[in-house]
Amino acid sequence: MYCKKECIAMLLAGGQGSRLYDLTKHIAKPAVSFGGKYKIIDFPLSNCINSGIDTVGVLTQYQPLELNEYVCNGAPWDLDRMRGGLSVLPPYQGNKHSDWYKGTANAIYQNINFIKHYNPEYVLILSGDHIYRMDYKKMLEQHKATGAVCTVATITVPMDEASRFGICNTNADGSIYEFEEKPKQPKNNQASMGIYIFNTKTLIEYLENDEADENSSNDFGKNIIPNLLGNGEKLFAYKFSGYWKDVGTISSLWEANMDLIGETPVLNIADKDFRIYSKNTARPPQYLGPNSKIVNSLVSEGSRIYGTVINSILSGGVVIEEGAIVRDSVIMDDVVVKKGGAVYSAIVDSDAVIKEGAVVGTEGAGKENIAVVASSTVVKAQKKA
Amino acid sequence: MASAAGIIFSSLNNNTLSRLTGDRTVAAIPFACRYRLADFCLSNMINADISNISMVVNYNYRSLLEHIGSGKDWDLARRASGVNFVSPFQSAANATEAKMFSTHLEALKSMSAYITEMKENYVVLMDSDNVLNIDLQKVISDHEKSGASVTIVTRKPERDYSAKHPRMMISSVADKITDIAMSSVYNERHPNLALGIFVMSTLFLRRLIEEAVAYNLNSFTAYLLKNCKTQHYKAYRYDGYVATVSSFLDYYRCSMEIVKNPSARETLFGRKEAPIFTRVHNSAPTMYKDGAKVESSMLADECIIEGTVINSVLFRGVKVEKGAVVKDSVLFRGTHVSRGATLNCIVADKDVYVSENVNLSGNENMPFYIQKKRKI
């Protein structure tokens, strides 16, 4: 079937996210819940459809069960299409060799046939680790206008954090002359967002050469981008301004959730001009009981609140019983906080139960000391000595 | 398990809800924050594995078509079966004589070719003005076991029950219907109220339609009334909560009941295996800001609450600004309540804008209705 596309997206969603500890014990990082009714992967997928990209390969590897079930045929993001749409791409057995994905570049290399099938002019490489709204169309327009073979999206980060990122050193016209992966002495603060647009021909050529190089760690940031620069190819930076957050750690995940609330939220999740789509579960409306108290919080469908909720994010089907308190916390699907239970500065994963009188976390603990309750855990009150 | 098809009647008694049905059919009336009445019919059916569903529409059905779309959100966008709409048929030749359906039987007669081809063994007919969450699979299997020609689902009405228009009332002995009468008040001789849910075999329905064509019958109700003593009709008593929305006041009272009565909420929404599906809007979660004070209320997504909300039902995207008070009210999608405004016993239709410091009040026996898009 003829299905040529101008640009397709390859979404790297196989990451374990080991710094999220218990939250990613049984699920891949892109499947981690965020902001009440979303998962991290909703952001790049919604960005794609909002940018007019209707063909997305989702590369999965680590604990893919929940992620596969979640993205299914792509319908929630309007990505169930006759031509293109969403395809889940797990590692597979070939007739010569079969392998797990060794690195980001190798994962794409192993799916070169998927790319060739759609024969696009451009390939957009994305990761499923970030919370951000971005119109990739604008980046593609710049890519075409500059005539670059590869465009790297960058964002301004605080100078003192620049050494944690891949830093793009650019000329006045925005062309990249040097790419430094986590430099000790960063020359500037334009960090790579891990989002690349490649001319397909160049991408395939470099992926094949990279695969042939036994010493390569098959990574875009460490190998492909430096190789392109080494060969004098034309690379440009695309400066993105707007909200962008890596949610790879407990503290950053908590902080990004907190960015959704406040008098003027840093990230306005309700922006109708750039919807974030997610898979909908048929839950009833939320109900607030006669003695409930709730301020500065986000609450999703199916939650029932009889107690107190302050500065928190509640996902679907959460029950906060009378006399219970939740403060500065992120509560995921179907968690129950029983009478007199208390949750302070915590992330409580789905289906956990906080029993009568049990206390999780410390009041005002701050982002570096966020308590985590793993999925389906039952937390009981400690016996008084 | 018996296979069954469903036929939903969206609006044969439109006139009784004049305000809420000004430009929408009964089945499209918004209810309980995020639903329309049709959602309950469709969900009851899909949860009982009934996926061949006809929705009979008559007039004012655009908002219903828009709501249901392909049926995808109810898992009814199927290759075989799914949801299809049956509207009055106007051929170019008889356009001037074309008529709306005035009774169930007229609609059924017009569908006879379709009913002849139905592969399912049973048919469930359902009106859309009763809101309930019933296990239809059990109704069908009880019907099958009983050997009855028709099963009519009933509930026990309150002693002070009264409706604006006569409804089917039933007397039965050990589930066998002994008499049917039309009445708009409770009467002891016919102590059960029919809920507009009828189960019969496809064969029975075909014969009924043939008879109706042959003898020019026009009323399904009249047919049942006439034959209830000679044919075997079974009553299926449903004891869960039912919101019967037959007048504007009923509508308001039922809305208040779901916020005030926990068992009403539980029977409508507490069946984990039988969720109520509705159109997906991808709205963001609801935001409670500083100054929010919310008691005994039900809210949909994407509301922004900075004021006080008590005993109320808020649909998607309602904004209640600082210092505003909303009490005993039902606010449809997109209602905006500005600073210092107070609403008491109000039903505000879609996109109403209430300006600063405006006070509006109805009474619990006479709630005040504000029409769509009004700015006050």
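So you know, we letter chains A, B, ... as the sequences are listed, proteins then strands, and number each from 1.
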Can you tell me how far the OH atom of B:Tyr288 sits from the CD atom of A:Gln286, to the nearest 0.5 Å?
3.5 Å
Taking every heavy-atom pair that is under 4.5 Å apart, which of B:Asp290, B:Ile305, B:Asn311 has the most such pairs with chain A?
B:Asp290
Identify the two heavy atoms, one from B:Val259 and one from A:Tyr287, that lie closest to each other, and give their separation to 0.1 Å.
O-OH, 3.3 Å
Which answer fits B:Ala292, side chain, backbone, both or neither, if we ask what part of it has an atom under 4.5 Å from a heavy atom of chain A?
both
A:Lys293, NZ: over 12 other non-hydrogen atoms inside 6.0 angstrom
no
Should we count CG of B:Leu65 as having more than 12 external heavy atoms under 6.0 Å?
yes
A:Ile276 versus chain B, the contacting section by heavy-atom distance below 4.5 Å
backbone
Among B:Gly270, B:Pro285, B:Ala284, residue most engaged with chain A (heavy-atom pairs, under 4.5 Å)
B:Pro285
With chain B, the option among A:Asn311, A:Leu298, A:Asn291 that has the most non-hydrogen atom pairs under 4.5 Å is A:Leu298
A:Ala282 versus B:Phe277, closest heavy-atom pair with distance:
CB-CD2, 3.5 Å
Portion of B:Leu299 that has a non-hydrogen atom of chain A nearer than 4.5 angstrom:
both
Measure the spacing between CE of B:Met287 and CG of A:Leu260 and express it to the nearest 0.5 Å.
7.5 Å
Is a side-chain donor or acceptor of A:Lys37 paired with a backbone partner of B:Asn282 at a separation under 3.5 angstrom?
no
Where does B:Lys289 contact chain A at under 4.5 Å (heavy atoms): side chain, backbone, both or neither?
both
Has A:Lys367 got more than 12 heavy atoms of other residues, nucleotides or ligands less than 6.0 Å from its NZ?
no
To the nearest 0.5 Å, how far apart are CD1 in A:Ile294 and NZ in B:Lys293?
14.0 Å
Part of A:Lys272 within contact of chain B (heavy atom distance under 4.5 Å):
side chain
Please round to the nearest 0.5 Å and tell me the distance separating atom CD of A:Glu301 and atom SG of B:Cys33.
9.5 Å
Salt-bridge test for B:Glu302 and A:Arg275: reply yes if a basic N is under 4.0 Å from a carboxylate O, no otherwise.
yes
Between B:Thr286 and chain A, which part of the residue has a heavy atom less than 4.5 Å away: side chain, backbone, both or neither?
both
State whether the number of non-hydrogen atoms from other residues, nucleotides or ligands found under 6.0 Å of A:Arg283 atom CZ is greater than 12.
yes
For the candidates B:Ser43, B:Ser283, B:Ala32, B:Gly317, which exhibits the highest count of non-hydrogen atom pairs separated by less than 4.5 Å from chain A?
B:Ser283
